[in-house]
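Heads up: the structure comes next, in structure tokens.
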Amino acid sequence: MDVIITISLLAILVLYLGLFKAAKALLPVTLVGLLVALGLTFNHWDLANNTKSIFSGMLLFNNFSVAFSALAIISTFLILMLSKDYFERISANVAEYYTIILFALTGIIIIASYHNLSMLFIGIEIMSVSLYILTGIKKRDYASNEAALKYFLMGAFSTGFLLFGITLLYGASGSFDLTEIRNYVASSEEISPIFYAGILLSIIGLCFKAGAAPFHFWTPDVYEGAPTLITAFMSTVVKTAVFAAFLRLFYISLSSVTLQEFWVPVLVVLASLSLLIGNITAVYQQHFKRMLAYSSISHVGYLLFALIALSSASDSAVFLYAAAYTIASIIAFAALMVVQKQVGNDSFDNFNGLGRKNPLLALTLTISMLSLAGIPLTAGFIGKFMMFTGALSTYHTALTVFAVLNAIVGVFYYLRVVVAMYFKDAERNELAVPVYFKIVLVVSTLATIIIGVYPGFIADLI
Amino acid sequence: MSLLSLLIFLPLAAGLLILVLPYAWQQRYKYVALAAVGIQVIMSAFIYLNFDGNAFSGIDAKSKYQLVEQVSWINLQLGRLGSLQIDYFLGIDGLSMPFLVLSSVVMFIAVLSSWEIKTNLKGYFALLMLLNTAIMGVFCALDFFLFYIFYELMLLPLYFLIGMWGGARREYAAIKFFLYTLFGSVFMLLVIIGLYFSVQDPITGNHTFNMLHMMNPDNYIPGSIFSALAEQQIFGIPARLLGFIVLFIAFAIKVPIVPLHTWLPDAHVEAPTPVSIILAGILLKIGGYGILRICMSIFPDAAIDSAWWLGLIGVVSIIYGALNALAQNDLKRMIAYSSVSHMGFVLLGIASITAEGISGAMLQMISHGFLSTMLFFLVGVIYNRVHSRYIHDFRGLALIMPKYTTFIMIAFFASLGLPGFSAFIAEAFSLIGAFTSESVNGLLPRWMAICGSIGILLSAAYLLWTLQRMFFGKTRLMGGEDWKSKLTDVNGREIFVLTSLTVFALLLGILPSLAFDKMNASVLELIRLVNLK
């Protein structure tokens with residue numbers, strides 16, 4: 001599979017560049033390599049969408065995979081653009097960091113295209129192990145170390161759950177292959193109880209990875225402790241990948257009506273809890289980064305709606321929502337990095353008066369907050385609209401009303417930073433925004449608005 | 001691109017132009033904005049003159065709308081749910097056309113009163129133009145999704161306009177306004193989605209957001225959630241009634257009704273004058289327009305069932321708003337509460353579902369649009385000069401500001417319903433509607449009309465009392481000689497604004513047919529539609 005191979009080779013190439021002290025070439029080479037991978041990804045797009053699985057059924061790189069891989073690659077590209085001079089401040093050996101991020105991306109592409117549960121496990125492990133290292137790259141920083149350890153322990157634990165779940169699914173159905181599992185469900189008169197246990201454990205494992213409540217308790221500390229660039233990567237690309245995995249497993253293998261009766265109530269509970277806990281705790285945060293961390297839990301809640309209302313429309317709903325969330329979050333994290341670097345602290349007060357001194361930064365951050373809050377004409381609104389439409393079409397009225405109430409709470413805390421930037425004055429100096437940051441901010445903002453006004457632009461991809 | 005699109009997007013273009021103009025030209029931004037709005041006024045006057053009220057009665061038939069535009073906008077394939085079909089669908093009938101004229105005139109005056117804004121002009125005028133686009137869009141949209149987009153789009157510029165250029169407690173007022181309105185509108189979104197799943201385009205068979213299709217009971221899918229025949233229930237309440245209530249609350253927050261009005265005094269007091277003008281002159285009308293266009297037309301059965309409650313809410317708003325106005329010390333707060341009271345007549349007129357009542361409600365919205373604009377502009381005049389609005393800070397203003405006092409008297413007497421001014425005709429028709437309702441359709445008891453007339457009495461009380469306290473007697477000012485020198489009489493620009501508003505109020509008072517002729521057919525069509533049930 002050319003995309004996976006390209007990115008892996010790119011990672012090794014970058015490692016060698018580091019060995020030969022070509023520090024200046026690292027970022028350009030990585031970015032060019034990602035563009036090549038992106039081109040190769042689109043090359044697999046098939047209008048008729050009847051791609052065959054490859055590697056003896058291990059992978060299936062269809063339009064779904066193309067869309068999610070492209071989203072992952074583009075987001076990684078944008079996040080890496082923010083990394084100029086970032087790693088240098090942490091350590092002298094920066095090539096490794098690029099390499100590890102690329103390895104994580106490889107894992108993510110495998111997750112987006114698996115057709116066999118063993119590949120899911122391998123993909124998640126490649127991704128997770130890379131992330132454990134990335135979280136701890138600030139070697140001398142206490143918070144970073146704590147975050148890495150916490151993330152490693154929790155991650156290992158959840159991988160265990162997932163693996164156990166996969167094993168039980170295998171035990172009942174006799175296969176790791178998604179289609180085979182579906183055939184087992186369709187053909188057997190009575191589904192073995194261990195199959196249900198397998199579903200439950202897989203849900204727990206994946207929810208751990210995605211950070212859905214009540215399996216979310218690691219997220220705030222890890223997101224806060226990890227270097228901001230890595231937090232951006234974890235809370236966007238990684239979450240998207242986990243949902244791609246979720247969706248593929250449930251849509252292909254577990255979508256029969258009898259099974260839905262079993263797992264839909266479980267997910268309804270998880271989604272409601274995520275919404276509630278994520279939103280309520282986000283309201284009380286005084287720091288921007290921690291607020292983003294908690295609010296990301298609530299976004300997981302919204303994303304779970306697509307699974308609760310599982311249908312052929314779910315993939316485009318998840319894709320639109322994930323794209324909107326990812327792009328808006330990248331803007332937010334970019335702004336956070338600028339503020340953190342130059343002010344040293346990310347409490348809301350440090351955003352005071354930014355609207356006057358840094359109009360571009362403030363405007364783009366405002367649009368990103370509006371998108372995260374789901375205000376019309378931004379991508380976030382289309383995402384929420386798709387989720388609510390799906391949930392109402394399956395008559396989850398109470399859940400939707402609950403989600404709408406939560407959306408209002410969300411507006412409240414997302415606007416806090418906007419209030420600080422525009423309504424509160426403070427004596428402050430203009431923050432220097434590097435050119436790379438400006439490009440990322442402007443491109444992401446434009447994407448947010450274009451998707452908001454004309455969602456057909458990317459929704460037709462899937 | 002047709003006239004309506006031009007009307008909607010012209011201010012947006014002006015706003016973008018302002019954004020790219022260099023800072024050195026700060027003082028010219030207002031002229032760009034004024035030019036754009038001026039062209040809008042001419043265009044809306046042209047639309048008004050060319051509008052044939054009898055031919056274009058609108059409501060539920062596309063062919064009866066003038067200047068129709070329909071282009072496919074969002075088209076997403078949703079697998080088993082069919083395709084998400086959203087149109088860019090505009091058109092005007094007798095219910096929406098008057099508001100286009102009103103909005104462009106009020107907008108023009110708002111820009112003229114923006115001369116007082118001194119800081120961050122680029123952001124201010126860009127936001128004002130964005131708001132203008134959204135307002136025009138709301139009145140023209142016939143696709144529910146499009147309507148919702150414009151409806152929500154109004155919120156943001158207003159939020160920033162109040163929050164950045166407002167008074168001391170602006171942050172609180174801005175977020176309160178935002179959350180109140182958002183609270184109503186997000187639930188509206190759920191009803192929109194519910195309607196979308198219930199209604200089918202009769203030609204293509206797709207689900208649709210087209211409001212006109214939603215008004216026709218034949219287009220409802222049998223057994224769907226909002227189908228009248230299916231009699232579905234949500235949380236134990238009939239689904240159609242619940243849908244009506246949710247939409248009604250969303251719009252009633254805008255109107256506003258008691259007890260959902262508390263954002264209004266705060267927003268008005270903190271907002272700068274031009275924003276107060278837009279809030280009172282246009283925004284409140286969107287609530288009334290929404291109730292007529294959407295609540296009544298899409299859920300006529302529920303509208304008839306809840307007419308009594310609507311009337312009661314109207315009466316309570318009239319009395320409660322007036323009593324509150326009586327108790328205020330801040331002139332702007334008093335006018336804000338008088339808006340609550342006057343908008344109560346709109347609700348009372350609508351609830352009667354008679355031709356007189358609904359015409360009266362429509363005229364009351366237009367009349368109140370002009371008069372509240374005038375009142376807020378007048379408050380702005382004193383506030384700009386001495387930065388105080390407290391009634392007891394002033395006494396005997398008539399001696400030092402004679403022209404100003406003349407305009408205040410015109411505005412006050414017009415607002416309290418002096419015959420010859422628009423408010424008299426409007427309130428009289430609303431009350432006639434409410435009074436005859438018992439014999440025509442038995443929806444509203446007569447005591448509601450009687451209580452409504454007490455509201456007129458109360459409004460005379462608070463307006464005349466204020467007039468006495470502030471303008472009559474010997475001149476005595478809180479700020480002494482300093483204030484006396486600052487309180488110069490109205491200048492040319494202000495006289496122009498105030499005179500033109502007086503002309504509008506007088507014209508509509510003497511020749512109400514100027515408005516009634518254009519909307520009568522639509523009002524009758526609406527009543528026919530509601531009574532089909």
Side-chain angles (χ1 to χ4, degrees), chain A residues 309 311-317 320 355-356 359 362-363 366-367 370 373-378 381-382 384-386 388-395 397-398 400-401 403-412 415-416 418-425 452-460 462, chain B residues 19 72-84 86 119-120 122-123 130 134 145-146 148-156 159-160 162-166 170-172 174-175 178-180 182-194 196-197 207 225 232 234-235 239 242 246:
Chain A
S311 73
S312 54
S314 293
D315 49 2
S316 63
L320 269 173
R356 196 148 298 186
L363 180 71
T366 304
I367 291 175
L370 295 178
I375 304 291
L377 293 184
T378 60
F381 171 70
I382 300 290
K384 284 215 171 59
F385 179 75
M386 300 283 282
F388 292 162
T389 310
L392 281 184
S393 76
T394 44
Y395 295 96
T397 318
T400 319
V401 170
V404 161
L405 287 173
N406 275 287
I408 300 174
V409 177
V411 170
F412 176 75
L415 283 181
R416 277 181 69 181
V418 178
V419 166
M421 285 193 299
Y422 285 103
F423 300 174
K424 291 185 179 159
D425 277 329
V453 175
Y454 197 73
F457 170 65
I458 64 162
D460 292 341
I462 205 157
Chain B
L19 278 185
S72 172
W73 172 32
I74 296 177
N75 200 350
L76 295 180
Q77 293 301 322
L78 292 184
R80 138 179 101 75
L81 304 176
S83 78
L84 189 68
I86 300 170
T119 54
N120 197 354
K122 181 172 268 196
L130 181 64
F145 191 87
L146 185 67
Y148 182 79
I149 296 272
F150 281 126
Y151 188 82
E152 287 283 271
L153 188 61
M154 283 186 318
L155 269 185
L156 278 179
Y159 172 70
F160 284 105
I162 298 173
M164 290 174 76
W165 288 272
R170 54 181 192 225
E171 232 178 85
Y172 168 76
I175 195 77
F178 197 93
L179 289 181
Y180 252 81
L182 193 73
F183 180 80
S185 59
V186 283
F187 284 103
M188 177 158 95
L189 182 66
L190 296 189
V191 176
I192 295 177
I193 297 174
Y196 166 76
F197 282 121
H207 292 293
I225 188 90
Q232 298 255 17
I234 305 174
F235 308 131
L242 191 70
V246 168

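Letters A, B, ... are given to chains in the order of the sequence lines, protein chains preceding strands, and every chain is numbered from 1. Since the structure is predicted, the reported quantities are computational estimates derived from the model, not experimental observations.
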So which part of [X] gets closer than 4.5 Å to some heavy atom of chain B, the side chain, the backbone, both or neither?
X	result
Leu363(A)	neither
Ala398(A)	both
Val418(A)	side chain
Ile408(A)	both
Ser314(A)	neither

Region of [X] in contact with chain A, defined by heavy-atom distances below 4.5 Å:
X	value
Phe235(B)	side chain
Leu190(B)	both
Leu156(B)	side chain
Trp165(B)	neither

Distance check, rounded to the nearest 0.5 Å: [X] atom [atom1] versus [Y] atom [atom2]?
X	Y	atom1	atom2	answer
Thr394(A)	Phe197(B)	OG1	CZ	8.5 Å
Thr378(A)	Glu152(B)	OG1	CD	10.0 Å
Ile375(A)	Leu182(B)	CD1	CG	5.5 Å

### Message
Can you classify the ring geometry of Phe145(B) versus Phe381(A) as parallel (below 30°), tilted (30 to 60°) or perpendicular (above 60°)?
### Response
tilted
Test item: [X] and [Y] side chains (from C-beta on) under 4.5 Å apart, heavy atoms:
X	Y	value
Leu189(B)	Val404(A)	no
Tyr196(B)	Leu392(A)	no
Leu405(A)	Phe187(B)	yes

### Query
chain B: which of Phe385(A), Phe388(A), Tyr422(A) shares the most heavy-atom pairs with it under 4.5 Å?
Phe385(A)
### Query
Is the distance between the ring centroids of Phe423(A) and Tyr159(B) less than 6.0 Å?
yes
